[in-house]
Amino acid sequence: MTITQWLIFILVIQIIHGLGTWKLYVKAGRQAWEAFVPVYNAVVLMKIINRPWWWTILLFVPIVNLIMLPVVWVETARSFGKNQFLDTFLAVATLGFYNYYLNYATDVTYVNDRDINPKSSSGDWTSSVLFAIVAATIVHTYFIQPFTIPSSSLEKSLLVGDFLFVSKFHYGARIPMTTVATPMVHDTIPGLNVKSYLFDDNFEARKTSWKNKLQLPYMRIPGFEDIERNDIVVFNQPADTLVDMNKFTPDRNYYKPIDKKTNLVKRCVGVPGDSLEVRDGYVYINGKLNELPDRAKLQFVYLVGLKGNYSGDQLVNSLKSRYDITDVYPSANNSIVFHATEDAANKAKNHPNIASVERIITPKNTDGKLFPRAPQFPWNYDNFGPIYIPKKGETVELTMEVLPLYKRLIGEYERNSIVTRGNQIIINDKPATSYTFKQDYYWMMGDNRNNSIDARAWGYVPFDHVVGKPVFIWMSWDGLKNPRWERWFTTVGGSGNPVSYLIPFLVLLGIWFGFNAWRKRKNA
């Protein structure tokens, strides 16, 4: 839905609300017209149900309003003496239309100065849980979101089993586009194996489905910093068409809304306006080697020749413990393959059972079937590009030769109609020889260069797909068995070795609990 369509939708909702409650407003001592004025009617309603005015804000916050609306429906009924379980059930089950029954079919009396405190321990518990969910949803959606590292693409900087806090406000929190969804659940409701959101994910049906009309247009609260080159960024995978993530079953006709695409974390090695090229696994920006932060450790793939027969498991454990090498697996002709930093690979040459260590590099102009998957771009993971990263407001020349680089951006990400007729490019039914981009794009890659499905596979990341910036590792486990205590409560950014703030946190936590206990004894 466009902004105009949403404004019309909200206006219709206000009319429906006014028609169903105007008599109730009058019985509460207000004017009938107050029930019809958008936003103002909600402020007045908060006074009627004896609730704070700022609840009005929660009614207009996407996702949070799904929790608040049933609460307001129930509170409205109770403000007119309808306190029974059946009244509560009907208020929720009828999606608030129970108010129409109270407004036209009953002679209810307004309860002035209604006691809003829970009448039982279960009521107090329900109220506490409800508003804990509201608070957590606001924090999760607009401020900080927890995130788990699922793969080794940023190995050494972020490890599998790291639990992160991702800041939404650094780059600006994105307003949820999928308005009907389960709070704090991304794609699938755990345990139920059903989608957590209301959306028609059929490629053809989504064009006309009423479910899709509940999608908000892309909006973002202004942030206080831009994405800088080499920042680690969490984003929604642009080309996500996985029907089942656990089985990795992609389907190009399977569509997800932007904010429900799979969350990924990579390093942004290219920002808008850059010219980027990968040479033998190293990134060059505008012709110069990209200098990574000192905490970033590039890993490459190596072929290792062995001396004699050696136990595979024993060798793997030896390499991992002595040289910090990951992803070891057997190869042919008495050899193995591992992923490692250059420093670790050089040290491994001294292992008594290793005869040779040679880095595997795919030669230039060897087709790796990568983005943009066109014969004129025979690129691979080690040698890729050069490629221009589009910048908002910048114009590129369009030819049939370069079109594969930008076709998805123009058509899918910027929502234009784009087709070709012979050697002619048609955008929105008009011939085009150039295109001006509407948003910024970024190039996201993993530090584990040969074990990372990243932009080399699926291309540019639009800014509207950006989720946030990882800022803090609050917990870390090795295989969910052994805690990595040295990584608990460490920062993601910065230079030098990460410093754990776990002990200072525990000390402050102990002081806080001790102070509360002392205060309770003093007031007893």
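Index from 1, following the sequence.
The shortest non-hydrogen separation linking Thr137 to Pro183 is OG1-CB, 3.5 Å. Of all non-hydrogen atoms in Lys168 and Thr141, the two that sit nearest each other are NZ-O, 3.3 Å. Closest of all the heavy-atom pairs between Pro272 and Asp440 is CG-CB, 3.4 Å.
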side-chain contact (heavy atoms from CB on, under 4.5 Å) evaluation trace for Ile133 with Ile67: CA-CA 9 Å; Ile133 293 174; Ile67 305 171; 3.6 Å; yes

Worked check of side-chain contact (heavy atoms from CB on, under 4.5 Å) between Gln145 and Val467: CA-CA 9 Å; Gln145 177 180 341; Val467 175; 4.0 Å; yes

Residue pair His140, Ile63: steps toward the side-chain contact (heavy atoms from CB on, under 4.5 Å) verdict: CA-CA 11 Å; His140 181 277; Ile63 305 301; over 6 Å; no

Working for side-chain contact (heavy atoms from CB on, under 4.5 Å), residues Tyr142 and Val61: CA-CA 10 Å; Tyr142 298 98; Val61 177; 3.3 Å; yes

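When only modelled atom types and interatomic distance are considered, Asp454 and Ser452 share a side-chain donor-acceptor pair under 3.5 Å. Checked by atom type, the side-chain pair Thr436/Thr395 shows a donor-acceptor distance below 3.5 Å. Under the 3.5 Å distance criterion, with hydrogens and angles disregarded, no donor-acceptor pair is assigned to the side chains of Thr179 and Gln215. Side chains of Asn448 and Ser153: no donor on one and acceptor on the other come within 3.5 Å. Using a 3.5 Å distance cut-off with no hydrogens or angles, the side chains of Ser275 and Asn286 do not pair a donor with an acceptor. Between the side chains of Asn236 and Asn263, a donor-acceptor pair is found at a separation under 3.5 Å. No donor-acceptor contact under 3.5 angstrom links the side chains of Glu397 and Tyr435, judged on distance only. Residues Gln14 and Asn41 bring a donor and an acceptor atom of their side chains to less than 3.5 Å of each other.
In this structure, Lys364 does not pair ionically with Asp382, as no charged nitrogen and carboxylate oxygen lie closer than 4.0 Å. Between Asp447 and Arg267 a salt bridge is recorded (basic side-chain N to carboxylate O distance below 4.0 Å). Between Glu412 and Lys407 there is no salt bridge, since no side-chain N of the basic residue sits under 4.0 Å from a carboxylate O of the acidic one. Ion pairing of Glu277 with Arg279 is present here, as a side-chain N (NZ or NE/NH1/NH2) and a carboxylate O approach within less than 4.0 Å. With respect to Asp274 and Arg229, a salt bridge is recorded, a charged nitrogen being found less than 4.0 Å from a carboxylate O.
Between the side chain of Asp367 and the backbone N or O of Lys369 there is at least one donor-acceptor pair closer than 3.5 Å. At distances below 3.5 Å, at least one donor-acceptor pair connects side-chain atoms of Arg373 with backbone N or O atoms of Ala457. Panel note: side chain Asp162, backbone Leu159; a donor-acceptor pair is recorded below 3.5 Å. Side chain of Asn383 to backbone of Thr362: a donor-acceptor contact under 3.5 angstrom is found. Between the side chain of Lys261 and the backbone N or O of Pro238 there is at least one donor-acceptor pair closer than 3.5 Å. Judged by distance alone, with hydrogens and angles left aside, the side-chain atoms of Asn365 form no donor-acceptor pair with the main-chain N or O of Trp379 at under 3.5 Å. Using a distance-only test at 3.5 Å, with no hydrogens or angles considered, no donor-acceptor pair links the side chain of Thr491 to the main chain of Phe472. Asp231 places a side-chain N or O within 3.5 Å of a backbone atom of Glu228 that can act as its donor or acceptor partner. A donor-acceptor distance shorter than 3.5 angstrom exists from the side chain of Arg456 to the backbone of Arg449, with no hydrogens or angles considered. Between the side chain of Thr420 and the backbone N or O of Gln424 there is no donor-acceptor pair closer than 3.5 Å.
A 4.5 Å side-chain heavy-atom check between Leu19 and Phe36 finds at least one atom pair inside the cut-off. The side-chain heavy atoms of Leu398 and Thr433, taken from C-beta on, include no pair separated by under 4.5 Å. By the 4.5 Å heavy-atom criterion applied to side chains, Asn65 and Leu58 are not counted as neighbours. Asn290 has its side chain out of reach of Tyr284: every pair of non-hydrogen atoms, C-beta onward, lies at least 4.5 Å apart. The shortest distance between side-chain heavy atoms of Val166 and Ile144 does not fall below 4.5 Å. Two residues are said to be in side-chain contact when any heavy atoms from C-beta on lie closer than 4.5 Å; Met68 and Trp55 meet this criterion. The side-chain heavy atoms of Leu216 and Pro62, taken from C-beta on, include a pair separated by under 4.5 Å. The side-chain heavy atoms of Val337 and Val304, taken from C-beta on, include no pair separated by under 4.5 Å.
In this structure, Phe377 has its ring center no closer than 6.0 Å to that of Phe371. Side-chain rings of Phe300 and Tyr282 approach one another, their centers coming within less than 6.0 Å. You'll find the ring centres of Tyr413 and His465 inside the 6.0 Å limit. Two rings, from His170 and Phe224, have their centers less than 6.0 Å apart. Centroid-to-centroid, the aromatic rings of Phe489 and Trp474 stay 6.0 Å apart or farther.
Using a 30° and 60° split on the angle between ring planes, Tyr197 and Phe199 fall in the tilted class, from 30° to 60°.
Residue-environment remark: CD (Glu225) exceeds the threshold of 12 foreign heavy atoms within 6.0 Å. A 6.0 Å sphere centred on CZ of Phe60 holds more than 12 heavy atoms belonging to other residues, nucleotides or ligands. Within 6.0 Å of CD in Glu358 there are 12 or fewer heavy atoms belonging to other residues, nucleotides or ligands.
The structure places OG1 of Thr262 at 11.5 Å from NZ of Lys260, a figure rounded to the nearest 0.5 Å. Note: Leu409 CG to Lys438 NZ = 12.0 Å, rounded to the nearest 0.5 Å. Of the inter-residue distances, the one linking Leu158 atom CG with Arg487 atom CZ reads 6.5 Å to the nearest 0.5 angstrom. Between Trp443 atom CH2 and Tyr460 atom OH the span is 6.0 Å, to the nearest 0.5 Å. Atoms CD1 and CG, on Ile16 and Asn99 in that order, are 12.5 Å from each other to the nearest 0.5 Å. To the nearest 0.5 Å, atom CD1 of residue Ile418 and atom CD1 of residue Ile410 are 4.0 Å apart.
Among residues two or more places apart in sequence or in another chain, the side-chain contact (heavy atoms from CB on, under 4.5 Å) test is passed with Tyr218 by Arg174, Met177, Arg220, Phe463, Asp464.
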